[in-house]
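Computed from a prediction, not measured in an experiment: that's the story for all the values here.
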Amino acid sequence: MRQAKPRAQILHYERLEGEWPTRFHLRVDPDGGGILLANASEAAYLSQAGVVMAQMLFDGADEGAVRTEIARRFADVPASQLTADIAAMRKLIADLAEPGDNYPVSNLTDPDTTSWARELAAPLQADIVQGDLATTENAIRKAWDATIPHATILAQPDANMLELPLLTQVAEDTGMICGLRGLASWLEPEVIAEAAMAGLDHLDLLYISPLEDEHNALTAPGDLGRVLAAFEQCRELELCPVAQVPLMDANADIIDEIMEHLRKIGIDNAVCFALACEDEDEAGDAAGALPARALPQVAMVLIEAAEEADVRYLWAPPVWFDANRPLADQIQRGPRTAGDVAVRIEADGSVLPARGAGCAGNILTQSWEEIWSAECFARYRERLRNPSRCSNCPDLEICGADCPKDPAGWSDDREGGAAQ
């Protein structure tokens with residue numbers, strides 16, 4: 001019997017394993033397969049049968065009911081395999097329920113194992129730029145309707161910071177995992193505390209260097225002290241702190257010290273991105289960007305330093321240096337997205353893929369189906385399925401989605417560029 005095509009949807013569950021509850025998101029994609037996320041920090045890709053089993057187990061069905069339904073939907077499944085598969089699903093749920101405080105979800109390392117070639121309904125995370133309250137609330141709800149389970153609100157210095165707890169509450173009320181990213185100097189301790197009370201899951205702060213002069217020169221006077229105080233506040237609030245580390249000429253030679261300092265102050269998670277320029281761009285190089293040829297070596301140094309310090313790192317796509325904007329502005333803006341499984345939603349609703357240039361559409365005025373089928377997303381998914389990995393550095397994780405030396409795989413938001 002031909003099965004009807006599944007409807008893309010996202011289901012939210014909470015399950016107590018041990019002392020603390022775990023929030024699960026089960027997303028059903030158009031091909032019937034799905035993704036199971038736990039606290040937005042661990043993800044498992046599920047087959048069509050796996051999706052059915054997971055949903056029934058979360059809904060409280062007993063093993064007999066699960067066996068009957070799987071046998072009805074999927075013919076010729078041996079009884080012994082059914083028993084093993086149900087046991088495996090129970091174990092997967094239990095294992096995912098204890099992932100630790102790791103944010104955000106792991107980035108792509110090998111596209112062949114990530115199921116990007118499947119008919120996915122949407123990315124796993126939306127980085128949403130803070131705008132006016134009503135518009136940003138609408139963008140959050142639209143992202144959830146598009147089956148995106150994780151939102152990170154990107155605080156803006158010219159916006160109302162007192163609205164951030166309200167936006168956190170909107171995301172939490174929908175069922176989303178919610179993060180907040182910004183400069184520590186933009187976020188008063190009261191705002192962080194109120195956002196935590198509203199359900200904030202993680203706080204991402206720009207961290208450039210353990211050297212006060214170097215960090216503050218590209219952020220704000222006294223900002224490093226504010227970062228350290230905010231990270232300490234996170235521990236008091238049981239909120240996961242994340243260091244967002246830009247890589248550029250100014251700090252490329254102290255990566256070891258950066259990772260060691262993060263370990264010393266108890267930061268287990270870092271999102272790292274390179275501010276990059278083409279090898280021939282002498283002006284960009286002089287302004288502080290890293291030439292393309294330097295990225296693999298910088299990445300290798302960071303990998304070794306992070307592993308030595310036991311800091312979990314995630315690669316965000318390199319950012320193309322913009323000669324028309326001050327270095328500090330580009331550093332403070334951060335990466336377009338915190339990884340390859342995310343999109344950026346601008347304050348006006350424009351949706352950008354993690355890499356390349358071009359806007360896929362507007363989430364406030366267009367259907368998600370129209371946006372997701374846009375040409376820039378099609379090109380992006382094709383690059384992930386066929387990454388430009390070469391034999392020069394076969395084990396370098398930064399190459400998993402695209403060669404870091406190839407500007408075509410960078411986030412291109414240069415003023416007047418194709419992404420504007």
Would you please test Tyr13 and Leu26 for side chain to side chain contact (heavy atoms under 4.5 Å, CB included) and show each step? CA-CA 8 Å; Tyr13 302 94; Leu26 175 62; 4.2 Å; yes
Classify the angle between the aromatic ring planes of [X] and [Y] as parallel (below 30°), tilted (30 to 60°) or perpendicular (above 60°).
X: Trp315; Y: Tyr313; value: perpendicular
X: Tyr207; Y: His261; value: parallel
X: Phe377; Y: Trp372; value: tilted
X: His150; Y: His202; value: perpendicular

[atom1]-[atom2] distance between [X] and [Y], expressed to the nearest 0.5 angstrom:
X: Asp340; Y: Gln125; atom1: CG; atom2: CD; result: 11.5 Å
X: Met176; Y: Thr168; atom1: CE; atom2: OG1; result: 12.0 Å
X: Ile265; Y: Glu260; atom1: CD1; atom2: CD; result: 11.0 Å
X: Ile258; Y: Ile267; atom1: CD1; atom2: CD1; result: 14.0 Å
X: Asp29; Y: Thr147; atom1: CG; atom2: OG1; result: 6.5 Å

Work out which heavy atom in Glu278 is nearest to a heavy atom in Pro407; give both atom names and the distance. CG-CG, 3.9 Å
For Ala155 against Met161, the heavy-atom pair lying closest together: CB-SD, 4.1 Å
So that I can tick it off, tell me whether [Y] and [X] are bridged by a salt bridge, with the cut-off set at under 4.0 angstrom between side-chain N and carboxylate O.
X: Arg333; Y: Asp413; value: yes
X: Arg23; Y: Glu172; value: yes
X: Glu69; Y: Arg73; value: yes
X: Arg181; Y: Asp127; value: no
X: Glu137; Y: Lys142; value: no
X: Arg344; Y: Glu346; value: yes

Just by distance, with hydrogens left out, do Thr135 and Asn138 show a side-chain donor and acceptor under 3.5 Å apart? no
Modelled atom types, side-chain donor and acceptor of Asn362 and Gln366, under 3.5 Å: no
Side chain to side chain contact (heavy atoms under 4.5 Å, CB included) evaluation trace for Glu194 with Leu166: CA-CA 9 Å; Glu194 289 180 16; Leu166 301 177; over 6 Å; no
Check this for me: Glu232, atom CD, are more than 12 non-hydrogen atoms of other residues, nucleotides or ligands nearer than 6.0 Å? yes
More than 12 heavy atoms of other residues, nucleotides or ligands under 6.0 Å from CG of Asp62: is that the case? yes
So, does Thr136 use its side chain to make a donor-acceptor pair with the main chain of Gly131 at under 3.5 Å? yes
Main-chain N/O of Val170 paired with Asp173 side-chain donor or acceptor, under 3.5 Å: no
4.5 Å side-chain heavy-atom contact, Val52 and Phe74: yes
Would you say the side chain of Leu275 lies within less than 4.5 Å of the side chain of Pro318, judging by non-hydrogen atoms? no
Any chance you could lay out the side chain to side chain contact (heavy atoms under 4.5 Å, CB included) test for Leu352 and Thr337, step after step, and finish with the verdict? CA-CA 9 Å; Leu352 307 179; Thr337 65; over 6 Å; no
Let me know which of Thr219, Asp223, Asn216 forms a side chain to side chain donor-acceptor pair (under 3.5 Å) with Ser185. Asp223
Stepwise, does the side chain to side chain contact (heavy atoms under 4.5 Å, CB included) test hold for Val298 with Ile255? CA-CA 9 Å; Val298 170; Ile255 291 175; 3.8 Å; yes
